[in-house]
Novice: 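One structure coming up, written as structure tokens, with questions to follow.
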Amino acid sequence: MLKNLLTAADKYDVPSLKLTCQHYLLCSLTIENAVELVQLAFSSNAKFLETHLVTFIKFHIKGIRDTEAFQSLSQEDLNKIMELIEKSKFEVSTDQFSLSPAKTN
């Protein structure tokens with residue numbers, strides 16, 4: 001229902017409803033539905049949803065690329081996703097975290 005509501009909110013230009021739908025769709029985000037939701041974000045011009053989905057996809061790319069939805073993506077949508085991932089400023093790094101105790105002087 002949220003997907004249809006987002007599409008209608010975009011069609012009839014209802015920004016507050018559109019943002020609310022995006023928020024609740026993000027709450028239900030999983031590896032299995034990430035590709036479907038990013039396609040919805042593209043078709044509904046849902047930039048908030050798109051931005052957060054790209055970050056999620058970038059972080060979980062190994063699991064997502066094994067899904068049937070990812071493997072059946074059109075070349076156009078795949079190119080859009082890859083372009084957004086490249087532009088994304090979110091980076092996964094473990095260098096910031098250390099398991100060794102802090103040094104004291």
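Numbering starts at 1 and runs along the sequence shown.
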Novice: What's the separation between atom NE2 in H23 and atom SG in C27, rounded to the nearest 0.5 Å?
Specialist: 4.0 Å
Novice: Is the distance from the ring center of F56 to that of H52 below 6.0 Å?
Specialist: no
Novice: Can you name the nearest heavy-atom pair linking A34 to I57, along with the distance?
Specialist: CB-CG1, 4.1 Å
Novice: Quick check: is Y24 connected to V14 through a chain of hydrophobic side chains (ILVMFWY, heavy atoms under 4.5 Å apart)?
Specialist: no
Novice: Treat each ILVMFWY residue as a node, draw an edge where side-chain heavy atoms are under 4.5 Å apart, and state whether L19 and L5 are in one component.
Specialist: no
Novice: With rounding to the nearest 0.5 angstrom, report the SG to CG distance, C21 to L26.
Specialist: 11.5 Å
Novice: Do V38 and F48 sit in one hydrophobic cluster, given that two such residues count as connected whenever their side-chain heavy atoms are within less than 4.5 Å of each other, even indirectly?
Specialist: yes
Novice: Please name the pair of heavy atoms, one in A46 and one in K18, separated by the smallest distance, quoted to 0.1 Å.
Specialist: CA-CE, 4.1 Å
Novice: Side-chain contact test, heavy atoms from C-beta onward, threshold under 4.5 Å: evaluate it for V35 versus L53 and give yes or no.
Specialist: no
Novice: Looking only at heavy atoms, what is the nearest atom pair of T7 and S44, with distance?
Specialist: OG1-OG, 3.9 Å
Novice: For the NZ atom of K80 and the CD atom of E76, what is their distance to the nearest 0.5 Å?
Specialist: 4.5 Å
Novice: Just checking, any donor-acceptor pair under 3.5 angstrom between side chains of E83 and N79?
Specialist: no
Novice: Nearest 0.5 Å, please: how far is NZ in K11 from CG in L6?
Specialist: 13.5 Å
Novice: Quick one: pull up CZ in R65 and NE2 in H60 and give me the separation to the nearest 0.5 Å.
Specialist: 14.0 Å
Novice: Take K47 and N45 through the side-chain contact (heavy atoms from CB on, under 4.5 Å) test and state the conclusion after the steps.
Specialist: CA-CA 6 Å; K47 296 300 181 187; N45 196 29; 3.2 Å; yes
Novice: Can you measure from CG (L84) to NZ (K58) and round to the nearest 0.5 angstrom?
Specialist: 11.0 Å
Novice: Does the side-chain contact (heavy atoms from CB on, under 4.5 Å) test come out yes or no for L73 and Q39, once each step is laid out?
Specialist: CA-CA 9 Å; L73 270 173; Q39 289 175 305; 3.3 Å; yes
Novice: Mind listing the closest non-hydrogen atom pair of I31 and T67 along with its distance?
Specialist: O-CG2, 3.9 Å
Novice: How close do Q71 and D66 get, heavy atom to heavy atom, and via which atoms?
Specialist: NE2-O, 3.5 Å
Novice: Around atom CD of E68, are there more than 12 heavy atoms of other residues, nucleotides or ligands at under 6.0 Å?
Specialist: no
Novice: Where is the tightest heavy-atom contact between K3 and L37, given as atom of each residue plus distance?
Specialist: CE-CD2, 4.3 Å
Novice: Quick one: does any side-chain atom of N33 pair with a main-chain N or O of S28 as donor and acceptor, under 3.5 Å?
Specialist: yes
Novice: Treating Ile, Leu, Val, Met, Phe, Trp and Tyr as nodes and any side-chain heavy-atom pair under 4.5 angstrom as an edge, say whether L2 and L17 lie in one connected cluster.
Specialist: no
